[in-house]
Every structure is written in C-alpha cells, then in structure tokens.
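Protein chains get the first letters and strands the later ones, always in sequence-line order, with residue 1 at the start of each.
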Protein chains: 2
Amino acid sequence: MEKDISQAVIRRMPRYYRYLGELLDAGVERISSNELSAQMKVTASQIRQDLNNFGGFGQQGYGYNVRFLYEEIGKILGLDKQYNIIVIGAGNLGQALANYVKFEKRGFIITGLFDVNPALRGLSVRGIPVRMLEELPEFVKNNKIDIAALTMPKESASQVANQVVELGINAIWNFAHLDLELPEHVVVENVHLSDSLMQLSYNIVKKEREKKRIAEYNI
Amino acid sequence: MEKDISQAVIRRMPRYYRYLGELLDAGVERISSNELSAQMKVTASQIRQDLNNFGGFGQQGYGYNVRFLYEEIGKILGLDKQYNIIVIGAGNLGQALANYVKFEKRGFIITGLFDVNPALRGLSVRGIPVRMLEELPEFVKNNKIDIAALTMPKESASQVANQVVELGINAIWNFAHLDLELPEHVVVENVHLSDSLMQLSYNIVKKEREKKRIAEYNI
DNA sequence: GTCAATGTGTGAAAATTTTAACATTAAACG
DNA sequence: CGTTTAATGTTAAAATTTTCACACATTGAC
C-alpha cells in the first residue's frame with residue numbers, strides 16, 4: 001500500500017520541471033538542491049524532500065544531473081505520454097488554448113474544437129475546424145480523446161461535463177466557474193480565473209492596509 | 001501586530017464567495033456551517049475556522065445570514081472597490097479576458113488593451129481599442145491603472161513587467177509562463193496554465209496506476 | 001591513493017493546517 | 001417567560017507539511 005503524495009507536492013512539481021528545462025536549455029549539466037533553491041526561492045530541504053517522494057534522483061557529493069532529473073519529473077507528471085484534447089467552447093479562451101503551440105511540445109494535442117454557436121461554423125484555428133456540439137458523440141467515438149477542456153459559460157458546463165464523461169472521457173480541464181460533480185473515476189482540474197483575480201485583489205488591499213499601518217506607526 | 005492569514009485560507013475565500021452568491025440568487029436567507037459544508041464538501045469546522053480569521057459573522061443558534069456574509073467576504077477580498085486593468089498582449093487570451101463581462105460585475109474594469117503587433121491596430125474588443133505598446137506610458141500617466149494583466153509570450157513578459165512597475169502599477173496578473181522578479185511592494189498573482197495541465201496529467205496517470213494495481217490485486 | 005569538501009537522503013523537530021470537541025450564546029417554541 | 005435546541009466561536013488535539021540536522025556516500029584536489 002503506497003501512501004499517496006500530497007497535492008501540495010504535486011503543485012510544485014511543474015515548477016521544478018520548468019526550472020530544470022531552463023537549466024537544460026542553458027546547457028547546465030548538474031545542479032545541487034542548494035543552487036536550485038536559491039534560484040527558485042524555496043528551501044533546499046523542500047526540494048530534496050519533494051523529489052524523494054518519488055525516488056532518489058541525485059547523487060551525494062554531486063547533486064542532480066539536470067537532464068536526468070528533468071526527464072524523471074517529466075515521467076512523474078505523465079509527460080512521456082500523448083494526450084488528445086478536445087476543447088468545448090470555441091470562444092476566445094478556447095481559441096487561445098487551441099493556439100497555444102507549447103502544449104503540443106509536452107504531448108498535449110488539441111484534436112477537436114466544439115461550440116454551440118452556428119456563427120462559428122467554418123472557422124478553424126491552426127487547422128482545427130470548429131465543429132458543432134451535436135457532432136461530439138460521433139467524434140469521440142472515432143477518436144481516442146483523453147481530456148476535455150471546458151471553456152464554455154458555466155450555465156451549460158455541468159451538462160456538457162456529464163455528457164463528456166458518458167462518452168468515456170475521464171479527465172476534464174474545467175475553466176467554467178463552477179464545481180463539477182462527477183463520478184469518482186473522473187479526474188478534474190479546475191482553472192478558476194475569477195478566483196485568481198480575487199486573490200490578487202485581496203493581496204492588493206492587504207498590502208495597502210500594511211502600508212497604511214506602517215505610515216500611522218511612523219507618525 | 002496582526003499575524004497574517006495564510007494563503008491556504010485566502011485560496012478558499014473566493015469559493016465561499018461563489019457558493020454564497022449562488023445561495024443568494026436562490027433566495028436562501030440563512031445557512032449554517034453544516035449545511036454549507038455539505039454542499040461544498042469541506043468540513044464545517046474549516047468553514048468556521050476560516051471565517052473567524054476575519055471576525056465573527058455568524059450568530060449562535062442561527063447560523064450565517066447569507067447576504068451579510070456574502071458582502072463581508074466581498075469586502076475581505078476587496079471587491080467593494082474598483083480596479084482598472086490593462087491587458088498587455090491582445091491575442092486570444094487577452095481578448096478572452098477583455099470579453100469576460102462578469103469581471104466588471106465584481107469591479108474589475110478592463111480599461112486598455114495593448115500589443116506589439118501592428119496587425120492588431122484598429123481592432124477593438126467590447127469597445128476597447130487595441131493600442132500599441134509604445135502608447136503604454138502615456139496611457140498609464142493619464143489613467144489610474146491598478147492592475148496589469150500580462151498575456152503575452154514569456155519572452156517579453158519580464159521586461160514589460162518591469163516597465164509596468166516603473167510606471168507605477170503595483171499589481172500584476174501574470175499569465176506568462178515564468179516567475180517574475182519584482183520589487184517587494186508589487187503584488188503578483190500567477191496563472192500558469194501549463195502547470196495546471198501537468199497537474200491534470202499527473203492525476204490521470206496516477207488514477208491509471210491505481211486502476212492497474214486494483215486489477216492486479218484482484219487476479 | 002588519500003583526504004577534505006560537497007551534497008544527498010532521511011529521521012526527527014518545528015511549524016502550520018485541519019479537524020474535533022465543547023462551552024456559550026441566541027433563537028425557537030410552547 | 002422559561003426551557004430546549006441549534007449552531008457559533010474557540011480551545012485543544014490530530015494530522016500534515018516544512019524545516020532542520022546530520023550520517024554517509026562521492027567527488028575532486030593533491
């Protein structure tokens with residue numbers, strides 16, 4: 001029975017991956033947890049602890065081999081596989097995802113683009129035609145789809161999510177501003193932009209309050 | 001000396017706000033931490049604990065008044081103020097932000113839209129014209145801007161972030177895939193879509209591994 | 001080939017976060 | 001108006017996460 005790794009750790013892994021990728025591009029061959037911690041502004045201890053959840057990737061007296069660690073983290077994150085994605089909701093956000101070429105480099109292939117709006121019929125983004133939502137079941141039957149990205153308004157999101165799951169897609173990247181209630185076997189990752197914006201505004205007012213307090217203290 | 005509230009709590013506040021908004025729309029007047037916890041799938045204890053970081057908003061024997069609590073959380077999150085936002089990078093993502101009307105309801109006004117691409121000159125989104133990046137300093141001088149959303153490629157993000165800070169903007173909503181190094185007084189909120197996608201893919205392979213393990217166990 | 005220096009992996013301590021328990025207060029109700 | 005019930009605010013315990021500290025394996029200089 002392996003105890004599973006906390007989501008806090010998982011949230012940090014892509015960041016390690018990013019920094020290692022940059023080091024790799026810069027031609028750096030090896031790095032110690034200390035150097036990396038300085039760059040990333042986290043403790044070296046946390047880096048070592050995090051990595052050791054998955055195994056020992058470093059070598060005492062040497063540090064970590066950048067390329068090796070980069071690839072291992074890639075495997076941990078499942079980036080050694082390919083995922084076909086359909087994007088449902090071909091508004092600006094959906095188009096933005098479809099246009100973002102970098103995803104493909106990591107094995108995430110945008111395969112289909114769907115919308116309910118007939119005005120979008122005929123439009124295509126990077127060669128991917130916008131299809132009408134009615135065509136979805138047929139499309140999913142004929143193509144192996146791993147992930148559905150939901151970029152439509154929240155009003156229809158819940159229903160579409162259910163449909164998508166019924167069609168056999170088990171992973172959802174949810175941009176709609178609601179929490180989806182789905183069977184336990186479905187993996188959901190939420191991107192709530194409004195929440196993010198509210199966190200920003202919280203931190204803005206917090207900083208203003210701090211500034212004010214300091215000013216008063218100095219009177 | 002007030003000890004400050006952990007970001008874990010802050011991350012949960014927008015979600016409370018959202019659920020309370022829905023209750024409000026549904027005409028619910030009062031709610032107990034228990035009922036809310038059932039809906040939100042968190043413990044009632046956590047809800048009470050979280051709220052009491054900011055003060056006692058409920059009443060013993062009664063629960064919480066939905067409207068009151070909604071508004072109080074709004075104030076905590078700084079949603080009782082208005083923020084003018086400029087979006088730098090008028091690609092699909094920037095346009096998506098500019099088009100998202102709901103932000104305005106919360107007091108986030110998209111005031112300007114900038115890009116380096118001359119091909120976008122003349123384009124306007126919801127009445128907001130795309131301006132050339134050269135016009136930025138002038139524009140910021142003439143308009144009170146609170147937040148800059150960076151939706152351009154990461155290559156130029158760092159430089160633009162510095163420029164924006166020098167122009168006196170102290171809050172950045174960063175969509176570029178890098179960590180910005182900025183003075184301490186600047187508030188940064190990151191939205192790293194790639195990280196989110198990697199977390200999704202981690203959870204996909206994790207679930208697959210689990211499934212496989214269970215299958216093997218049952219042989 | 002030896003030996004100091006480096007730097008991981010890891011067990012334990014410290015800090016933080018979450019959950020549980022309960023004393024207290026207000027509402028509801030007869 | 002008094003009693004019962006509901007549900008908060010709060011203190012304490014449990015769980016989790018982060019940091020510390022150090023034994024020990026490798027490296028690299030001489």
Side-chain angles (χ1 to χ4, degrees), chain A residues 1-16 19-20 23 28-73 76 199 202-203 206, chain B residues 1-16 19-20 23 28-73 76 199 202-203 206:
Chain A
M1 193 73 181
E2 311 155 29
K3 77 146 193 323
D4 52 19
I5 289 139
S6 79
Q7 286 295 315
V9 175
I10 303 308
R11 268 201 301 274
R12 286 192 291 266
M13 298 306 289
R15 187 149 179 266
Y16 295 139
Y19 273 81
L20 287 163
L23 288 168
V28 179
E29 263 183 33
R30 58 184 264 194
I31 191 145
S32 69
S33 58
N34 245 303
E35 292 170 276
L36 190 56
S37 84
Q39 290 185 34
M40 297 188 63
K41 309 221 171 103
V42 297
T43 63
S45 193
Q46 180 163 75
I47 294 176
R48 294 204 299 275
Q49 234 7 314
D50 282 351
L51 296 177
N52 280 54
N53 279 298
F54 302 98
F57 302 121
Q59 205 152 36
Q60 283 154 328
Y62 175 88
Y64 298 88
N65 177 288
V66 173
R67 179 179 302 278
F68 176 70
L69 184 56
Y70 178 76
E71 281 167 6
E72 287 301 311
I73 295 180
I76 290 166
Q199 283 174 57
Y202 171 83
N203 284 310
K206 180 184 151 204
Chain B
M1 193 71 181
E2 313 155 31
K3 78 146 189 325
D4 54 17
I5 288 140
S6 80
Q7 286 295 315
V9 174
I10 303 308
R11 266 201 303 274
R12 286 192 292 266
M13 297 308 286
R15 188 151 177 264
Y16 295 139
Y19 273 81
L20 287 163
L23 288 168
V28 178
E29 263 182 31
R30 59 185 263 192
I31 191 145
S32 69
S33 58
N34 245 303
E35 292 170 277
L36 190 57
S37 84
Q39 290 185 33
M40 297 188 63
K41 308 218 172 108
V42 298
T43 63
S45 196
Q46 180 163 77
I47 294 176
R48 294 204 298 275
Q49 204 61 278
D50 282 352
L51 295 178
N52 281 54
N53 279 299
F54 302 99
F57 302 120
Q59 208 151 32
Q60 281 152 328
Y62 174 88
Y64 298 89
N65 178 288
V66 172
R67 179 179 303 278
F68 175 71
L69 185 55
Y70 178 77
E71 281 166 6
E72 287 301 313
I73 295 180
I76 290 165
Q199 284 174 56
Y202 171 84
N203 284 310
K206 179 183 151 201

Any B:Thr43 side-chain N or O less than 4.0 Å from OP1/OP2 of C:dT18: no

Earlier contact from the 5' end, DNA chain D, for A:Tyr62 and A:Val9: A:Val9

Below 4.0 Å: OP1/OP2 of D:dG9 and any side-chain N or O of B:Tyr64: yes

Atom-to-atom span, CG of A:Asn53 to P of C:dT10 - whole angstrom: 11 Å

Touch class at under 4.0 angstrom, heavy-atom based, for B:Ser45 against every strand present: base

Separation of atom CD1 in A:Ile47 from atom C1' in C:dT8, rounded to whole Å: 12 Å

Integer-rounded Å distance: D:dA7 P and B:Leu51 CG: 16 Å

Nearest-angstrom distance from the residue atom CG of B:Asp4 to P of C:dT16: 10 Å

Contact under 4.0 Å: A:Arg30 side-chain N or O vs C:dT8 OP1/OP2: no

Cation over ring face, B:Arg30 and B:Tyr62, 6.0 Å, 45°: yes

Any donor-acceptor pair under 3.5 Å from B:Arg15 side chain to B:Met40 backbone: yes

Between D:dA15 (P) and A:Gln7 (CD): distance, integer Å: 20 Å

Side chain to side chain donor-acceptor pair (under 3.5 Å) between A:Glu35 and A:Ser32, intermediate numbers included: CA-CA 5 Å; A:Glu35 292 170 276; A:Ser32 69; 3.2 Å; yes

Below 4.0 Å: OP1/OP2 of D:dT17 and any side-chain N or O of A:Ser6: yes

Between D:dT27 (P) and A:Asn65 (CG): distance, integer Å: 12 Å

Phosphate OP1/OP2 of C:dG7 contacted by A:Asn34 side-chain N/O (<4.0 Å): no

Phosphate contact (D:dT11 OP1 or OP2) by B:Arg48 side-chain N/O below 4.0 Å: no

Distance below 4.0 Å between B:Gln59 side-chain N/O and D:dT8 OP1 or OP2: no

A:Gln46 CD - C:dG7 C1' separation (whole Å): 18 Å

Phosphate contact (C:dT18 OP1 or OP2) by B:Gln49 side-chain N/O below 4.0 Å: no

Nearest-angstrom distance from the residue atom CD1 of B:Ile5 to P of C:dT17: 11 Å

Heavy-atom check, side chain of A:Phe54 versus side chain of A:Val9, under 4.5 Å: yes

Side-chain-base donor-acceptor pair under 3.5 Å for A:Gln60 and D:dT26: no

B:Ser37 and B:Thr43: CA distance, side-chain angles, deciding distance, side-chain contact (heavy atoms from CB on, under 4.5 Å) verdict: CA-CA 5 Å; B:Ser37 84; B:Thr43 63; 5.8 Å; no

Residue A:Asn52, side-chain heavy atoms: nucleotide from C:dT8, D:dT18, C:dG9 that is nearest: C:dG9

